[in-house]
Amino acid sequence: MHVILPDGTNLELPDGATGHDAAAAIGPGLAKAALAVRVGDEMRDLARPLADGEQIAIVTGKSGDDHLYVMRHSAAHVMAEAVMSLFPGTRFGFGPPIEDGFYYDFELDAPITEDDFPAIEAEINRIAKAKAPFERSVMSIPDAAAFFAERGQPYKVDQVEELGRQGEADVSLYQERDFIDLCRGPHVHHTGNIGKVKLLSVAGAYWRGSEKNPMLTRVYATSFPSQTELDEYLERIEAAKARDHRRVGRDLGIFYFDEAGPGFPFFLPKGMVVVNEIQSALRTELEAMGYDEIRTPTMLSDELWHQSGHYDNYADNMYFTEVDGQGFAVKPMNCPGACLVFRSTRRSYRELPLRLAEFGHVHRHELSGVLHGLFRVRAFTQDDAHVFCRIDQVQSEVRSILDLTERFYARFGFEDVRMYLSTRPEKATGTQEMWDRAEEALRLALGDREYGIKEGDGAFYGPKIDIQVTDTMGRSWQLGTCQLDFYMPERFGLTYTSAEDTEERPVIIHRAITGSLERFIGIVLEDTGGDLPFWLAPEQARVIPVSDRHAPYADEVRAILRGDGIRCEVDARSESMGKRIRDGELGKVPFLLVVGDREVETRTASLRARHGDVEGDLPLDGLAHALRSAAAGK
RNA sequence: GCCGACGUAGCUCAGCUGGUAGAGCACUUCACUCGUAAUGAAGGGGUCAGCGGUUCAAAUCCGCUCGUCGGCUCCA
């Protein structure tokens, strides 16, 4: 047989050869340094046999991310050993490496807290110093189950049995010193090679992620090959905290939360500027694309929600009230309202596609534990639209929606856009033929774009396209969505009159570009760290008079800029200039305009751009235009 | 909702093993009138999240509730 090496060459090996054999075949130095073998995307132990034609890469201490993965996996074992020796009787769950670190789930008799971290870290370091080898062994499923049962490890037994159900005959175990754990590997050679370990936090996590199972204590930690890399990582975490949108939003006066309304954001005057600018940018696009804007009521009778199916499927997330003996529900979605608008008059095929947009403020009762700044709230504004059309119109409608979406994201500098097509799930409404046509239409609408496919991930009422962006910090966010719906038109009995004078059923395209304005603003705040682009900045320019006697001139500059549509303030406080410059910088104002004797004399203003140096004097004539050009050049 | 931690002035935080509150920033006032990231001084501001308990005495110890944070889960 042969395997394929990273450089594309083939390596001939005897049948049944393992990762060890492959490394040895390449060279004795590599065989010694080898920790694991990566087969495709899967990390494997060197002892496992390879199969013919597999693409492999030998992982050593110099393999970057692959090495980190193996090293952190081993660190997780050492952390578990440390916990075992400090807290005897602990039951162990899973302990995998994750992005940027690793965790291990424990069930303890007494809760573990961050106060215990120093002791655990000390124990880890002690074990690391011992440089104890990781030794692999193999047991049959029944033997392993009995082995862990005897050692009082019910979760390990559960996992062994699960592996048995998945058809495994044997399981592998790894032992370092007295600690032995069920594990598929791979691991570093000995406990001295786990890098510099730092425990980060504790959290609860259900066994196997199901709330029906017991809650285990999850300890998050990370490790890096060197102290320097660990320190750099910890600094990065600190830097990320500084751009947390909850902090930025408060510091800049964008929004806040009050105990009176947990999960319900208050937008402050400056935040409202941002909201309105985003909405007006969207409205400009919608107008050009032939949308009509509507507004539907926040509360509607509960009969409507029975008809829409929300009562049966979504009631846990809804707010209800009763007035005059009539039950009402606060809308968690805008679709039913839009359907009523469609149904409010007879519709002709000539009106299709009928595009109804709505900035719909919806309420959803999310669990208290999931609230998170603007990212996860209980009331938010969807930039929603419902396009009522014939199925043969879907392709062109969706295409223009996707174009619009990309165009709109570009305004915020989100250039890395990814799309995913979700296809028919097992439980689905509508005929197979309808689904086939709809999925085909979406594929054609996606056109030449690269896109991923999520097989069976569509809603029960239709296939969809999800749109993700990646921000400057490399995090990806799901924003837009474009979903077909065969179900609502059915539930609401929507029809239009065709050219042949028959009553036909339209399909609905639900679409959102930002998803939620609130969440979108949170993302933009984190992406920019508060340095909002000029067009979005609540305060676009601030005039700073050098001394009191320049204040009237500063007022004049402000009046001129405001007259030209620039949001401008004056800071004439009796503070030092340095102080007011500093406040302007901390306030993230894009342009500071200093005016003193010289500027009054020459009818100019001295420009200082955000986080920059003095850029020179600008004449008052055409100042607004000059600022806009300067902003566009950045 | 569940697990864990936390809740002291608008913000960031001190307040040791119980003896009825403090700093910096912010705010107000006064002085200074300043040339590109912090001028100085004075002052106002807290029922220590809320309720209940233990105690001669509670910010401090205990219980409950609410909220926040980190996760689980779910999602936009």
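Chain identifiers are assigned alphabetically (A, B, ...) following the order of the sequence lines, protein sequences preceding nucleic acid strands; residue numbering begins at 1 within each chain. Heavy-atom basis, side chains included; hydrogens, waters and symmetry copies ignored.
Side chain to side chain, Glu455(A) and Thr423(A) meet the donor-acceptor criterion of an N or O pair below 3.5 Å. No hydrogens or angles considered: a donor-acceptor pair under 3.5 Å links the side chains of Glu526(A) and His245(A). The closest side-chain donor-acceptor pair between Asp105(A) and Tyr103(A), if any, does not fall under 3.5 angstrom.
The gap from the C1' atom of rG19(B) to that of rU55(B) amounts to 12 Å, rounded to the nearest Å. Between rU60(B) and rA41(B), the two P atoms lie 35 Å apart (nearest whole Å). Comparing the C1' positions of rA14(B) and rG7(B) gives an interatomic distance of 16 Å, to the nearest angstrom.
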- Applying salt bridge (charged side-chain N to carboxylate O under 4.0 Å, His left out), run through Asp555(A) and Arg558(A) and close with a yes or a no. CA-CA 5 Å; Asp555(A) 289 343; Arg558(A) 175 177 59 189; 3.2 Å; yes
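Both His550(A) and Arg573(A) sit near RNA chain B, but only Arg573(A) has its closest nucleotide nearer the 5' end. Nucleotides of RNA chain B nearest to Val546(A) and Leu371(A) differ in position, and the one nearer the 5' end is that of Val546(A).
Taking side-chain N and O atoms only, Arg246(A) has no distance below 4.0 Å to OP1 or OP2 of rU68(B). Side-chain N/O atoms of Arg250(A) include one lying less than 4.0 angstrom from OP1 or OP2 on rU12(B). The side chain of Arg549(A) contributes an N or O atom lying less than 4.0 Å from OP1 or OP2 of rC34(B). Taking only side-chain nitrogens and oxygens, Lys579(A) comes nearer than 4.0 Å to OP1 or OP2 of rA26(B). Contact annotation: His372(A) does not reach the phosphate of rG71(B) (side-chain N/O to OP1 or OP2, under 4.0 Å).
No N or O donor and acceptor, one from the side chain of Tyr206(A) and one from the base of rC3(B), sit under 3.5 Å apart. Remark: the Ser576(A) side chain and the rC34(B) base include no donor-acceptor N/O pair separated by less than 3.5 Å. One can find a donor-acceptor pair under 3.5 Å joining the base of rC74(B) and the side-chain atoms of Arg376(A). Under 3.5 Å, the side chain of Glu599(A) and the base of rG35(B) form at least one donor-acceptor pair of N or O atoms. One cannot find a donor-acceptor pair under 3.5 Å joining the base of rA38(B) and the side-chain atoms of Arg580(A). Residue side chain Ser606(A) reaches the base of rU36(B) through a donor-acceptor N/O pair under 3.5 Å, judged by distance alone.
Side-chain atoms of Ser547(A) lie closest to rC34(B) of the nucleotides rG71(B), rC34(B), rU39(B).
Between Asp583(A) atom CG and rC34(B) atom P there is a gap of 20 Å when expressed in whole angstrom units.
In a base pair of the Watson-Crick type (N1 to N3 plus N6-O4 or O6-N4) or a G-U wobble (N1-O2 and O6-N3), with each distance short of 3.5 Å, rA31(B) is matched with rU39(B). For rC25(B), the paired base is rG10(B) (Watson-Crick or G-U wobble, both distances below 3.5 Å). Nucleotide rU47(B) is matched to nothing when pairs are restricted to Watson-Crick or G-U wobble geometry with both distances under 3.5 angstrom. The partner of rC75(B) is absent, by the rule that a Watson-Crick or G-U pair needs both atom distances under 3.5 Å. Shown here, rG4(B) forms a base pair with rC69(B); the pair counts as Watson-Crick or G-U wobble because both key distances fall under 3.5 Å. Taking a pair to require two hydrogen-bonding distances under 3.5 Å in either a Watson-Crick or a G-U wobble arrangement, rU60(B) remains unpaired.
The local environment of CZ in Arg573(A) is crowded, with over 12 non-hydrogen atoms from other residues, nucleotides or ligands closer than 6.0 Å.
Across all strands, Ser574(A) comes closer than 4.0 Å to base atoms (heavy-atom distances). Contact annotation for Leu586(A): base contact, defined as any heavy-atom pair under 4.0 Å involving a base atom.
Considering CD1 of Ile509(A) and CG of Asp485(A), their distance stands at 10.5 Å, rounded to 0.5 Å. The structure places CD of Glu426(A) at 15.5 Å from CZ of Phe460(A), a figure rounded to the nearest 0.5 Å.
Using a 5.5 Å limit on the distance between ring centres and a 30° limit on the angle between planes, the aromatic ring of Phe380(A) counts as stacked on the six-membered base ring of rA76(B).
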